[in-house]
Amino acid sequence: MDPNFAHKQAAALRAADLVEHGMVVGLGTGSTATLFIAELIARAAAGLKIRCVPTSERSAAQARDGGLAVIGFDATKFIDLAVDGADEITTIGLDLIKGLGGALLREKIVASAAREFVVIADSSKMVDRLGMRAPVPVEVTPFGHELTASRLANLGADVVLRAGLGVTPYVTDGGNFILDCHFGRIAEARALDDTIRSIVGVVETGIFAGMTQRVLIASETGVAELRAG
């Protein structure tokens, strides 16, 4: 069992307390988001009425199987509250690296549409600077991905094409590849995000700079709330 399971569950339960009747809720992807979705399913069975916009086919399947109403942006132009996990979170600014679960593009679309974007995690995800523990996932078009990788390497990254099952590259829900870019300690997350996204062939990056309103961090002492600004 994940040694941080209890902490993740505590953060997920606290986030579920933010969900109100009638809300449109963005559902994240990953181990912590799965716990949040499970709690929403339990509360919906007890009478909570919400609509959900998932960030991956995995989250959509969990929500539907649990009886939650799943919709897309054809049915709503906004999200009241989006809740997701993160791979790294800076203590100052609450910038994120996301996408080790492979859903960074949809996660960023949902986060950008949310009136409030809340991140739930255990305390192991907190860092002083992004890149200290996790690579930056970069979603790219399959065509020309080798050229895109070389241009990312020119920025100083150690670039690895993410593997899927067997020898096939990992393919996102959007049909793209992911290049995991190891930059090391990142001095300016927003500037690096802008630079990467300017490369032709890049679809999106896993750097979420200035997007988070609130972080719920769980540890042995309980759940702490951090706010941007």
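Keep in mind that this is a model prediction, so the values were computed, not measured.
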Could you check whether Asp173 and Ser56, counting side-chain N and O atoms only, form a donor-acceptor pair closer than 3.5 Å?
no

Within a strict 4.5 Å, meaning less than it, do heavy atoms of the Met211 and Lys108 side chains meet?
yes

Take atom CD in Glu225; do more than 12 heavy atoms of anything else shown fall under 6.0 Å from it?
yes

In terms of side-chain heavy atoms, does Ser123 have a donor or acceptor partner in Ser219 at a distance below 3.5 Å?
no

Atom NZ in Lys98, atom CG in Leu104: separation rounded to 0.5 Å?
8.5 Å

Ser124 side chain reached by Asn4 side chain, heavy atoms, under 4.5 Å
yes

Rounded to the nearest 0.5 angstrom, the CD-CD distance for Glu39 and Gln9 is 8.0 Å

Decide yes or no for Phe117 and Asp84: does some side-chain heavy atom of the first lie under 4.5 Å from some side-chain heavy atom of the second?
yes

Any carboxylate oxygen within less than 4.0 angstrom of a Lys/Arg side-chain nitrogen, looking at Glu57 and Arg106?
yes

Using a strict threshold of under 4.0 Å (side-chain N to carboxylate O), is an ion pair present between Glu116 and Arg214?
yes

Counting C-beta onward and ignoring hydrogens, is there a side-chain heavy-atom pair between Ile207 and Asp95 closer than 4.5 Å?
no

When every non-hydrogen atom of Leu40 is compared with those of Leu68, the smallest separation belongs to O-CD2, 3.9 Å

Around atom CZ of Arg197, are there more than 12 heavy atoms from other residues, nucleotides or ligands closer than 6.0 Å?
yes

